[in-house]
Amino acid sequence: FPALPLFKFEPANCFLEVFNSYQSQYKITHWQQNLTHLYPSLAHLLKNLKQMGGTRVQQRNHTGNSIHQLRAYLRQVEHITLNYQVLFLVIDS
């Protein structure tokens, strides 16, 4: 998907391991929250992802069939639910 941002998401434990080394210097509070967002269609989801920015990928090695399949997916008007988990960190000195 041209111009679709890709984000390198790290698992929460990677961040927590780094911040554990700072526990003696800072008070660190953390929690995780599961979030859900409903999009009216795949086209809406992709539009919102593009607006987020991130690392843009310019690979255009799609075959003719994959482009036709993508266009078919984009024409569908089924709802898409995006589920994700967010790690919140509060750091006090």
Side-chain angles (χ1 to χ4, degrees):
F1 306 105
L4 184 67
L6 297 180
F7 298 94
K8 182 178 179 184
F9 292 105
E10 298 289 345
N13 64 324
C14 290
F15 288 99
L16 294 175
E17 287 174 7
V18 171
F19 284 107
N20 281 338
S21 64
Y22 293 99
Q23 285 286 358
S24 63
Q25 300 169 357
Y26 302 98
K27 180 184 176 210
I28 300 172
T29 308
H30 72 277
W31 68 95
Q32 296 180 41
Q33 187 172 355
N34 293 317
L35 302 170
T36 300
H37 190 84
L38 180 66
Y39 291 93
S41 66
L42 177 61
H44 283 89
L45 170 61
L46 293 176
K47 179 181 176 185
N48 283 332
L49 287 174
K50 285 181 181 179
Q51 291 175 346
M52 289 181 193
T55 304
R56 301 212 178 255
V57 176
Q58 298 296 329
Q59 297 174 353
R60 297 192 183 258
N61 56 356
H62 301 292
T63 65
N65 290 338
S66 66
I67 293 297
H68 294 299
Q69 186 64 50
L70 173 61
R71 288 182 181 150
Y73 288 147
L74 292 174
R75 283 191 299 271
Q76 293 177 359
V77 290
E78 298 174 13
H79 295 294
I80 293 182
T81 302
L82 179 64
N83 298 309
Y84 53 100
Q85 186 178 56
V86 178
L87 171 66
F88 294 92
L89 294 167
V90 177
I91 304 170
D92 293 321
S93 56

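Only heavy atoms go into these numbers, but all of them, side chains included; no hydrogens, no water, no symmetry mates.
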Worked check of side chain to side chain contact (heavy atoms under 4.5 Å, CB included) between Leu82 and Leu45: CA-CA 9 Å; Leu82 179 64; Leu45 170 61; 4.1 Å; yes

Other residues, nucleotides, ligands: >12 heavy atoms within 6.0 Å of Gln76 CD: yes

Ile80 CD1 to His44 NE2 distance, which is reported to the nearest 0.5 Å: 11.0 Å

Separation between CD of Gln33 and OH of Tyr84, rounded to the nearest 0.5 Å: 9.0 Å

His30 vs Phe19, side chain to side chain contact (heavy atoms under 4.5 Å, CB included): CA-CA, chis, key distance, verdict: CA-CA 10 Å; His30 72 277; Phe19 284 107; over 6 Å; no

Approximate separation, where rounding is to 0.5 Å, of Glu17 CD and Glu10 CD: 10.5 Å

Pairwise side-chain contact, Tyr26 with Asp92, heavy-atom cut-off 4.5 Å (strictly under): no

Nearest non-hydrogen partners of Gln32 and Ala12, listed with the distance: NE2-CB, 3.7 Å

Considering all heavy atoms, the nearest Val77-Ser41 contact: CA-CB, 4.3 Å

Nearest atoms (heavy-atom pairs only) where Tyr39 meets Asn48: CE2-ND2, 2.8 Å

Value rounded to 0.5 Å, distance of CG in Leu16 from CD in Gln23: 9.0 Å

Full working for side chain to side chain contact (heavy atoms under 4.5 Å, CB included) between Leu35 and Gln85: CA-CA 6 Å; Leu35 302 170; Gln85 186 178 56; over 6 Å; no

Chi angles and distances behind the side chain to side chain contact (heavy atoms under 4.5 Å, CB included) call for Leu89, Trp31: CA-CA 7 Å; Leu89 294 167; Trp31 68 95; over 6 Å; no

Ile28 CD1 to Ile91 CD1 distance, which is reported to the nearest 0.5 Å: 5.0 Å

Co-membership, hydrophobic cluster, residues Val18 and Val90, 4.5 Å side-chain: no

